[in-house]
Amino acid sequence: MKLATWNVNSLKVRLSQVIDWLMENQPDVLCLQEIKLINENFPVNEIKVAGYESVFIGQKTYNGVAILSKQAASKVITAIPGLADEQKRVIAATYGDLRVISAYVPNGEQVGSEKYSYKLRWLPHFTQWLQQELIDYKKLAVLGDFNIAPEDRDVYDPKLWEGRVLCSEPERTAFRNLLSLGLTDSFRLFEQPEKSYTWWDYRMMAFRRNQGLRIDHILLSGELSSACVACTVDKAVRKLERPSDHVPVIVELSL
DNA sequence: ATGGTAGAGGATCTA
């Protein structure tokens with residue numbers, strides 16, 4: 001079984017790339033973030049033709065998340081229970097005995113900004129919810145854009161980024177708190193190429209210089225972690241014309 | 001410290 005996540009930065013612009021990627025890679029599940037469209041405009045039919053069901057929660061202009069899957073979804077949730085939040089950042093769905101969450105953690109803009117404090121307020125709600133999900137589902141996979149580079153080795157220039165948004169200690173502590181629930185960063189289960197990243201700024205030719213950060217992650221519950229046989233980043237799509245600034249992360253599970 | 005690019009939507013806001 002193959003699960004993947006991809007921040008597409010507008011599903012409208014990236015739809016043909018997503019369809020091509022599905023056809024090529026045949027994942028069982030693909031989580032999307034930053035779809036940047038409202039539910040009425042979600043391309044259900046185009047995705048269905050490619051052989052995938054969709055669940056989604058959209059929003060005008062910003063945010064929006066989805067899960068595409070070969071199997072039909074059940075028990076769909078489109079918000080963190082109990083959290084009043086205008087921003088559409090999470091969706092959860094069940095496929096057989098597998099629970100999948102697609103998450104778009106707030107970016108935070110800049111340390112000290114209002115968006116940064118929103119991020120730091122949001123993360124404990126997210127953590128508490130995942131704690132409950134782990135109780136309810138033995139096989140839980142949390143995939144998405146976490147907007148946190150967990151360690152210095154996940155940053156092309158740790159000195160330059162020290163203390164800055166995506167790398168600051170409060171954010172990294174929040175990420176470690178997620179792992180403390182019993183979730184595993186699947187990427188680090190395996191030996192990986194050095195300087196592996198999932199996001200590169202569009203500016204300053206950052207991709208060509210490999211000036212990236214690893215901020216997209218797949219976290220697995222204990223039972224899934226034991227079944228995980230690979231975790232990879234698909235850099236190739238970043239070389240396409242009009243690419244997203246993020247690339248897919250993929251896990252393979254022996255289920 | 002600043003500014004560089006991309007997307008949405010039609011001037012800025014967000015990343």
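From a predicted model like this one, the values you see are computed outputs, not experimental measurements. First the proteins, then the strands, lettered A, B, ... as listed; each starts at 1.
Not counting sequence neighbours, A:E109 has no partner by the salt bridge (charged side-chain N to carboxylate O under 4.0 Å, His left out) test. Every residue two or more places apart in sequence or in another chain that forms a salt bridge (charged side-chain N to carboxylate O under 4.0 Å, His left out) with A:E114 is listed here: A:R121. For A:D97, the salt bridge (charged side-chain N to carboxylate O under 4.0 Å, His left out) test picks out A:K139, with sequence neighbours left out.
Residues from residues 196-205 of chain A that place a heavy atom under 4.0 Å from any atom of DNA chain B, listed by number: A:Y202, A:R203, A:M204. Scanning residues 163-176 of chain A for heavy-atom distances under 4.0 Å to DNA chain B yields an empty list.
Computed from coordinates, the A:N7 CG to B:dT14 C1' distance equals 12 Å when rounded to whole Å. Between A:N63 atom CG and B:dG7 atom P the separation is 17 Å, expressed in whole Å.
By the neighbour-count criterion of 12 heavy atoms within 6.0 Å, atom CZ of A:R208 is sparsely surrounded, having that number or fewer from other residues, nucleotides or ligands.
When the P atom is compared between B:dG9 and B:dT14, the two are found 14 Å apart, to the nearest whole Å. Across the P atoms, B:dC13 and B:dG3 are found 16 Å apart, a figure rounded to whole Å.
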Side chains of residues 50-58 of chain A: which donor-acceptor partners sit under 3.5 Å, not counting sequence neighbours?
from, atom 1, to, atom 2, distance (Å)
A:Y52, OH, A:P27, O, 2.6
A:E53, OE1, A:K48, NZ, 3.4
A:E53, OE2, A:K48, NZ, 3.3

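Distance from the side chain of A:K12 is smallest for B:dA8 among the nucleotides B:dT14, B:dA15, B:dA8.
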